[in-house]
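Notes follow once the structure below has been shown.
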Number of protein chains: 2
Amino acid sequence: MWSVIVESRQKTDARQRMIVSAALLMRERGVEATSFSAVLAHSGAPRGSIYHHFPRGKAQLVEEATRFGGDFIAAGLAAALAEEDPVGAVQRFCQSWRDVLSESDFAAGCPVVAATLEGERTPAAREAAGAAFERWEELLIEAFERHGIAAARAASLATLAIAAIEGAIVVARAQRSSAPLERVMGELEQLTATALAGARP
Amino acid sequence: MWSVIVESRQKTDARQRMIVSAALLMRERGVEATSFSAVLAHSGAPRGSIYHHFPRGKAQLVEEATRFGGDFIAAGLAAALAEEDPVGAVQRFCQSWRDVLSESDFAAGCPVVAATLEGERTPAAREAAGAAFERWEELLIEAFERHGIAAARAASLATLAIAAIEGAIVVARAQRSSAPLERVMGELEQLTATALAGARP
DNA sequence: GTCTATACGAAGATAGAC
DNA sequence: GTCTATCTTCGTATAGAC
């Protein structure tokens, strides 16, 4: 999933490369520890163009990186939901996160979570994070409702899924093990399958 | 729950006050943005004694703050489990987090999560975070098993609960709303009640 | 658009007096 | 134990040449 980002780095301009690099670094070290120097080194962008592309400085870069990360993850989730039923799509979504964890040796997490936690100083980034979470939930809610689950239940089920997955990613990183995410996957599979079955008796 | 911490600040020595302050600041701004200056201002501790109390510097302070936060939260969870059945205890645990969010106007979250996300540079703090999550899960697992839930299910249920609550706290902060946590509470109540009922037919 | 140079502040850490 | 002073490094941001 994230490998697409890395490949696309060569094709786009410096501005876009900086945004992608910022998102990739944020998910590993957090917002505060993601310096311009690191973003420049990672993206290969020239030093002199930082404030040309991002007049509002780091706040703007972080905000756009958060939005980019949120959109990118939403696209992956939407694709999964387009190809499978909600039960399978949630499982696939979890698997892509498990890949992120194992491929990075548990160094990488979710950039949107990073923006939330350190976004007290960057309100715009925090708002972007909130919007991203909402968008992911909406995608799930739509799919659940399309499969006959009532609106209120679809909403709480969607929130639980997003929250549990994001939380499991954090726990997995702390423990350097995929086990937490896999246990959550199992519970979510059961829960979504039961809800779907109950919706069409 | 956390108000106890604030009250106890007057009674203990400078070292302990610094640890508590660090945990309180970490849960709001993250590890990286929690400077010694901020910890000193918040705790009222004298500047000259930093490296007397914490020879390994900030890494040591963050590590001890993470351990303190983890132990404190574990104590609250254990108390809830001692007084109620697991269903009610999980609900009460969530409520205490909801209080943290509303009392801080969604500025405060979980210090253990903060230590995890920025703990790439401080491995010891990350290990402390992993141990904290594991401890919370163990408390839940014990309680679930005591109520007749099989070991494997108890484990995945415990992981889901911790992950979902921690994730919901993050989403709630991003959206500046308690609604995500409340929806997760509802789902967890249903889920734990069903599991408990199924264990003793 | 991109460069170099630099201003300016704040961070963590250390040394030595009291 | 605590103080003051200082070192070093690194951060964001700006200015002005090309």
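Letters A, B, ... mirror the listed sequences (proteins, then strands); counts begin at 1.
Judged purely by distance below 3.5 Å, without hydrogens or angles, the side chains of B:Arg183 and A:Ser156 never pair a donor atom with an acceptor atom. A donor-acceptor contact under 3.5 angstrom links the side chains of B:Glu64 and B:Gln60, judged on distance only.
Taking 4.5 Å as the limit, every side-chain heavy atom of B:Phe72 sits out of range of all side-chain heavy atoms of B:Val20. By the 4.5 Å heavy-atom criterion applied to side chains, B:Glu32 and B:Arg121 are counted as neighbours. Under the 4.5 Å side-chain criterion, counting only non-hydrogen atoms from C-beta, B:Ser178 is in contact with B:Phe106.
For D:dT2, neither phosphate oxygen OP1 nor OP2 lies less than 4.0 angstrom from any side-chain nitrogen or oxygen of B:His52. Using a 4.0 Å cut-off, some side-chain N or O of B:Ser37 falls inside it from OP1 or OP2 of C:dA11. Listed pair A:Ser49 / C:dG1 fails the phosphate criterion, with no side-chain N or O lying under 4.0 Å from OP1 or OP2.
Distance, A:Tyr51 OH to C:dG1 C1': 17 Å, rounded to whole Å. Taking atom CD1 of residue A:Ile50 and atom C1' of nucleotide C:dA5, one finds them 14 Å apart after rounding to whole Å. Summarising the geometry, the separation between CZ on B:Arg121 and P on D:dG11 is reported as 8 Å, rounded to the nearest angstrom. Residue B:Glu118 contributes atom CD, which lies 12 Å from atom P of C:dG12 at whole-angstrom precision. Taking atom CG of residue A:Asp13 and atom P of nucleotide C:dT2, one finds them 9 Å apart after rounding to whole Å. The CE atom of A:Met18 sits 13 Å away from the C1' atom of D:dT12 (whole-angstrom rounding). What separates CZ of A:Arg47 from C1' of D:dA15 is a distance of 15 Å, to the nearest Å. Atom CZ in B:Arg17 sits roughly 13 Å away from atom C1' in D:dT2 (whole-Å rounding).
Sequence order on DNA chain D of the closest nucleotides to A:Ala33 and B:Pro46 puts B:Pro46 first from the 5' end. The residue among A:Gly48 and A:Glu32 whose nearest nucleotide of DNA chain D lies closer to the 5′ end is A:Glu32.
Sorted by residue number, the members of residues 53-63 of chain B with any non-hydrogen atom under 4.0 Å from DNA chain C read B:Gly57, B:Lys58.
Across all non-hydrogen atoms, the minimal contact from A:Leu140 to A:Ala161 is CD1-CB, 4.0 Å.
Applying the side chain to side chain donor-acceptor pair (under 3.5 Å) criterion to A:Glu84, with sequence neighbours excluded, gives A:Arg92.
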